2 protein chains.
Amino acid sequence: MAKRDPIITLEECSYRKILDIVSSKWAVLVMAVLSGGTKRYGELRRRIADISQKMLTQTLKQLERDGLVERNAIPSVPPTVEYSLTPLGQTLIPHFAQMRQWANEYYDSVERARMDYDRKAENPAAGEQR
Amino acid sequence: MAKRDPIITLEECSYRKILDIVSSKWAVLVMAVLSGGTKRYGELRRRIADISQKMLTQTLKQLERDGLVERNAIPSVPPTVEYSLTPLGQTLIPHFAQMRQWANEYYDSVERARMDYDRKAENPAAGEQR
DNA sequence: CTGTATCCGCCTGGATACTG
DNA sequence: CAGTATCCAGGCGGATACAG
């Protein structure tokens, strides 16, 4: 009856915590742009291809809530709002670099694996005959 | 008219590539369990709390397609199927460790930021008076 | 310029039942 | 034991219209 079968739960899993933050497909792009310095709302929109207003706003709000991005609204007409990474947000930059490094190094292998897999799925007899 | 406003697209972004693989909430858990060695289907089910059959099967299939996990079916009665990390899959382990490390170091800050943010949202005048 | 609000299609993912 | 098949609710995310 010893404890030989540890159960992993979602809550225990530290990976998950960072994934909750970073797995949004837009969040990493926004932070990537902000890593280059403070940007205004419209500038972010223009820099990130295919992001909708809704998603940009939503992503920024979430990142602000998580303490990763700081919002600075300047009460002027027309209004100006600047966004920048907080010190906490900055700590993720090297982590992103690591992710990019892995992708650069191994993503080709993944793509090759996918092609092999799909080819075999379409033609199960491949490698056996003909 | 110089190129002073680089546009980031989803496709260019290397972060995305690894996120496509890893951002599935179950994928990291499955790989975490498999990092401890070869496991059978049922064992994975028991080890990972709250995972449904569908999600386990689906996740394993995707990881296999990506070349990160290897499936080894032994034709016996009843059938036995073993799953293990491929060498390519192994290369992600240290990366997961990094993710866990960041979470351990900074996640408290994120939670505090969230509480602050939510408190201010509910009570906008907080910090000004009282 | 910087958002908010609404509608809505699509996909993810859970529950359930069935198969080799 | 190790899946497959199907149904279905809920949330994500896009398009559009409107506001301060």
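Quick note on labels: first sequence line is chain A, next is B, and so on, each numbered from 1. Owing to the predicted nature of the structure, the values given are computational and were not obtained by experimental measurement.
Rounding to whole angstrom units, CD1 of residue B:Ile74 and C1' of D:dA2 are separated by 12 Å. If you measure from atom CG of B:Leu56 to atom C1' of C:dG13, you get 13 Å, rounded to the nearest angstrom. When rounded to the nearest whole Å, the span between CD of A:Glu82 and P of C:dT2 equals 10 Å. Atoms CE (A:Met55) and P (D:dG11) sit 14 Å apart, rounded to a whole Å. The nearest whole Å value for the distance from the CZ atom in A:Arg45 to the C1' atom in C:dC1 is 11 Å. A:Lys54 has its NZ atom 14 Å from the P atom of C:dG9, to the nearest Å. The distance from atom NZ of A:Lys25 to atom C1' of D:dG13 is 7 Å, rounded to the nearest whole Å. Taking atom CG on A:Leu44 and atom C1' on C:dC1, their separation rounds to 13 Å, with Å as the unit.
Nearest to the side-chain atoms of B:Tyr41 among the listed nucleotides C:dG13, C:dG3, D:dG3 stands D:dG3. Among the nucleotides D:dG14, C:dG3, D:dG3, the one closest to any side-chain atom of A:Ser52 is D:dG14. Here D:dA2 is the nucleotide among D:dA2, C:dT2, C:dG13 with the atom lying nearest to any side-chain atom of B:Val81.
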Run the side-chain contact (heavy atoms from CB on, under 4.5 Å) test on A:Tyr83 and A:Glu70 for me, step by step, so that the C-alpha distance in whole Å, both residues' side-chain angles and the decisive distance to 0.1 Å come before the verdict.
CA-CA 6 Å; A:Tyr83 292 93; A:Glu70 187 178 11; over 6 Å; no
Could you go step by step and tell me if B:Met99 and B:Phe96 meet the side-chain contact (heavy atoms from CB on, under 4.5 Å) rule?
CA-CA 5 Å; B:Met99 299 172 77; B:Phe96 290 159; 3.8 Å; yes
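Mapping A:Pro78 and A:Thr57 onto DNA chain C by nearest heavy atom places A:Pro78 closer to the 5' end of the strand.
Side-chain N/O atoms of B:Lys39 include none lying less than 4.0 angstrom from OP1 or OP2 on D:dC1. Phosphate proximity of C:dG3 to A:Tyr83: present, with a side-chain N or O under 4.0 Å from OP1 or OP2. Note on B:Arg40: every side-chain N or O is 4.0 Å or more away from OP1 and OP2 of D:dG3.
Considering only heavy atoms from C-beta on, A:Asp66 stays 4.5 Å or farther from B:Tyr107 through its side chain.
The nearest pair of heavy atoms linking A:Met55 to A:Ile51 is CB-CG1, 4.0 Å.
Side chains of B:Tyr41 and B:Thr57: a donor on one and an acceptor on the other come within 3.5 Å.
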